[in-house]
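Take a look at the structure set out below.
Since the model is a prediction, treat every value here as computed from it, not as a measurement.
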Amino acid sequence: ELVPAAKGGDIILKNVPEAGGRRAYASVFRAEPDGYTIGDFNLGFITENVTAKPEFDVTKFTFLLRTGVSIRAIATRKDGFKSWKEMMAAAKEKEIKWAAGNFGRGAHIDSILAKEAMGVPAKLINFAGTAESVSAIIRGDVQVGLFSLDSINALLKAGEFRLLLIFDDKSESPGVPTSTELGYPDLAENIRYQRYMVGPPGISKDVAGIISAAFKKTLANKEVIEWADRMEFPILPLYGDEADKVARKVMNFYIKMMPTLMKYL
């Protein structure tokens, strides 16, 4: 967001964490559609339109571009379940505890959909964020959790965490099955953490094009790509109409699954 203190061309980053992201999204939604106020958006927020009295219609945001996609996975601590098969066998004997992230947000929504689709006997337990969910697994308060792969890569490399399942078509981890291999291709396609840059409703095509062009130049920069590789930050951009199309496809999937989600939200 550009503010009076900014010089021409400066970008001011403003973290607005209150109300689980609602305040940040509201401030972007109500901003002037001049391109000077944009925000980072998680598509799971679409559930706000149904689970609470919405302050605004999430679908009316201007979806400028998708910056990247993080694959989701189910993981446990190093001395936890040895495999997905072992976990399912144990869950059928006694309901397991599953760390599901912040209530009503992306990880929680995806946990609900995965649990219900695959019939996992599990109790979903909410925590404030990834760090809290990780700590709960390490302490043994819960047995498994749903995470974005890039958020737990360091723990996997250190041998502190073990993957049990990946929500994708193919697995690069030997012995770790994918949701598609288990017969759930819809989960592979839709249970992902998709990062979008959005603006308020009504941004013109010209302004949206200028913003997209700036991001396209930045995300193609060699130094940015090398940084992303070092940080294991998955850049997979989409721009303009293509980004908008994919965003609405995923949001429609969430909306279609609302009867399932409403059992928990």
Side-chain angles (χ1 to χ4, degrees), residues 13 15-17 20-21 24-25 39-47 66-81 84 87 96-115 118 120 122 124-173 176-179 187-197 219 224-237 250 254:
L13 298 179
N15 184 29
V16 186
Y25 296 136
D40 179 52
F41 189 93
N42 169 15
L43 291 183
F45 196 76
I46 182 63
T47 57
R66 185 185 74 184
T67 56
V69 177
S70 294
I71 300 300
R72 298 286 204 188
I74 303 295
T76 186
R77 62 183 184 177
K78 60 182 179 182
D79 56 351
F81 300 116
W84 177 259
M87 187 209 80
I96 63 172
K97 295 178 180 179
W98 174 324
N102 200 353
F103 185 88
R105 293 296 171 260
H108 185 210
I109 299 302
D110 290 345
S111 292
I112 294 169
L113 297 176
K115 173 188 181 301
M118 296 186 292
V120 182
L124 301 182
I125 301 177
N126 297 109
F127 295 93
T130 298
E132 291 81 2
S133 293
V134 165
S135 295
I137 290 179
I138 291 175
R139 288 194 306 266
D141 296 341
V142 296
Q143 293 145 291
V144 303
L146 182 142
F147 301 95
S148 294
L149 269 178
D150 53 302
S151 70
I152 58 169
N153 264 331
L155 290 164
L156 293 170
K157 289 181 178 179
E160 295 298 324
F161 262 34
R162 176 187 293 118
L163 286 180
L164 298 175
L165 175 73
I166 296 175
F167 293 97
D168 205 352
D169 294 325
K170 296 180 180 180
S171 172
E172 297 181 1
S173 302
V176 180
T178 69
S179 52
L187 298 183
E189 183 177 358
N190 293 293
I191 293 187
R192 298 182 175 191
Y193 187 88
Q194 303 210 41
R195 299 176 175 89
Y196 274 79
M197 300 304 299
L219 295 178
V224 173
I225 294 172
E226 290 175 348
W227 171 86
D229 289 341
R230 289 196 306 272
M231 301 300 294
E232 297 181 332
F233 184 91
I235 295 178
L236 192 62
V250 175
Y254 283 131

Taking atom CD of Glu172 as the centre, report whether more than 12 heavy atoms of other residues, nucleotides or ligands fall under 6.0 Å from it. no
Do the side chains of Asp168 and Lys170 get close enough for a salt bridge, i.e. N-O under 4.0 angstrom? no
Close side-chain approach of Phe167 and Leu146, heavy atoms under 4.5 Å: yes
In Å, rounded to the nearest 0.5 Å, how long is the span from NZ of Lys115 to CG of Leu124? 6.0 Å
Side-chain heavy-atom pair Ile74, Val120 within 4.5 angstrom cut-off: no
One should read off an interatomic distance between Ile112 CD1 and Trp98 CH2, to the nearest 0.5 angstrom, of 10.5 Å
Would Arg72 and Ser148 count as having a side-chain donor-acceptor pair, cut-off 3.5 Å? yes
Show your working on side chain to side chain contact (heavy atoms under 4.5 Å, CB included) between Ile125 and Asp141 and close with a plain yes or no. CA-CA 10 Å; Ile125 301 177; Asp141 296 341; over 6 Å; no
Walk me through whether Arg66 and Leu236 qualify under side chain to side chain contact (heavy atoms under 4.5 Å, CB included). CA-CA 7 Å; Arg66 185 185 74 184; Leu236 192 62; 3.4 Å; yes
Output the distance between atom CG (Asp79) and atom CZ (Arg162), rounded to the nearest 0.5 Å. 8.0 Å
Pairwise side-chain contact, Met118 with Leu165, heavy-atom cut-off 4.5 Å (strictly under): yes
Do you know the tightest heavy-atom contact between Gln143 and Thr76? O-OG1, 2.7 Å
The residue among Leu163, Leu149, Thr178 that forms side chain to side chain contact (heavy atoms under 4.5 Å, CB included) with Ser173 is Leu163
Distance-minimising heavy-atom pair for Asn126 and Gly101: ND2-O, 3.0 Å
Taking all non-hydrogen atoms of both residues into account, name the closest pair between Phe161 and Ala75 and its distance. CD2-CB, 3.9 Å
Here the pair of heavy atoms bringing Arg139 nearest to Arg77 is C-NH1, 3.8 Å
Shortest non-hydrogen separation from Asn153 to Asp150 and the atoms involved: ND2-CA, 3.7 Å
Are Ile191 and Ser179 close enough, and set up right, to give a side chain to side chain contact (heavy atoms under 4.5 Å, CB included), and what steps lead you there? CA-CA 10 Å; Ile191 293 187; Ser179 52; over 6 Å; no
For the residue pair Phe147 and Ile137, establish whether any side-chain heavy-atom pair is separated by less than 4.5 Å. yes
Which atom names give the shortest non-hydrogen contact between Pro234 and Arg195, and what distance separates them? CG-NH1, 4.2 Å
May I have the step-by-step check of side chain to side chain contact (heavy atoms under 4.5 Å, CB included) for Phe127 and Val142, ending in yes or no? CA-CA 11 Å; Phe127 295 93; Val142 296; 4.1 Å; yes
Kindly compute the distance separating NE2 (His108) from CG (Leu113), expressed to the nearest 0.5 Å. 10.0 Å
Run the side-chain hydrogen bond (donor to acceptor under 3.5 Å, both in side chains) test against Asn190 and tell me which residues pass, sequence neighbours left out. none
